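In each ligand, atom 1 is the first atom listed, and ligand 1 is the first ligand listed. No experiment lies behind these values; they were computed from the predicted model shown.
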Amino acid sequence: MTKAFDLRIAVPEVRRYIRVLAISGSLRARSSNTALLESAARLAHAGMEIAVFTGLGDLPHFNPDLDGEGHEAPLAVASLRELVSAADGLIISSPEYAHGIPGSMKNALDWLVSYPDFAGKPVVVWNASAAGGQRAQASLVEILTTMSARLLVEASLVEPFLRKRLSPGAELTDDDALLAVRSSLAALSASCA
Ligand SMILES: Cc1cc2nc3c(=O)[nH]c(=O)nc-3n(C[C@H](O)[C@H](O)[C@H](O)COP(=O)(O)O)c2cc1C
């Protein structure tokens, strides 16, 4: 289960507490995209909390019939939407599969199309793929733009062959990648503040 944001924690007066929801497009247990997000959660500055979503694989296949008038959204979808509503910004980190984004990632986004709290939300898009992932990245940008997300294109991140730059414990130790993650988080933080 994705941990709920702790609503008791607040940084009084100095700056608003920023809650970020991070969604990995990979269901793999040893996913580099998930490892990237988990490293980011550990790197987040004081006043920023990053919760990594773990329910991607629990979402049913998108079907407008399950979501229309007179229907309550399936529980897993309602949980995702609540987390989106509670977040000030999102990080989406996805691998590239066959020059596109994984079906499970697209499925999650389809459930968020027309969800009012998604539109206008600051989003940064990251990618840890084997060979670059630029096509998946471009596809995500197109989809998220269509969904009226507030995309921070300048804060996007493409980290090819990240798997080789993770420690045995899946920690991000590569200096360049650490710098890029910190700078992307700073841009996201600034746009959420
Ligand atoms: C079915 C499949 C298709 C893939 N297609 C691509 C591709 O088109 N471009 C690419 O850069 N990597 C491709 N890859 C490699 C993935 O990007 C790589 O395995 C990546 O680490 C997966 O992300 P993860 O570690 O978060 O699971 C593919 C992998 C799989 C399993």
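Among residue pairs with one or both ends in residues 65-110, none qualify as ring-ring contact (aromatic ring centres under 6.0 Å, His included); sequence neighbours excluded. Evaluation of the side-chain hydrogen bond (donor to acceptor under 3.5 Å, both in side chains) test over residues 143-152, restricted to residues two or more places apart or in two chains, returns none.
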Which atom pairs, donor and acceptor, lie under 3.5 Å between side-chain atoms of residues 57-68 and protein residues at least two apart or in another chain?
{"from": "Asn63", "atom 1": "OD1", "to": "Asp65", "atom 2": "N", "distance (Å)": "2.8"}
{"from": "Asp67", "atom 1": "OD1", "to": "Arg81", "atom 2": "NH1", "distance (Å)": "3.2"}
{"from": "Asp67", "atom 1": "OD2", "to": "Arg81", "atom 2": "NH2", "distance (Å)": "2.9"}

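For the residue pair Ser156 and Trp126, no side-chain donor N or O sits within less than 3.5 Å of a side-chain acceptor on the partner.
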(request) Check the pair Glu96, Gln137 against side chain to side chain contact (heavy atoms under 4.5 Å, CB included), reporting the backbone distance first and the verdict last. (result) CA-CA 8 Å; Glu96 179 169 293; Gln137 191 82 343; over 6 Å; no

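Around ligand 1, the residues contributing at least one heavy atom under 4.0 Å from the ligand are Ser26, Arg28, Ser31, Ser32, Asn33, Pro95, Glu96, Tyr97, Ala98, His99, Ala128, Ser129, Ala130, Ala131, Gly132, Gly133, Arg163.
In the displayed structure, Arg165 atom CZ is contacted under 6.0 Å by more than 12 heavy atoms of other residues, nucleotides or ligands.
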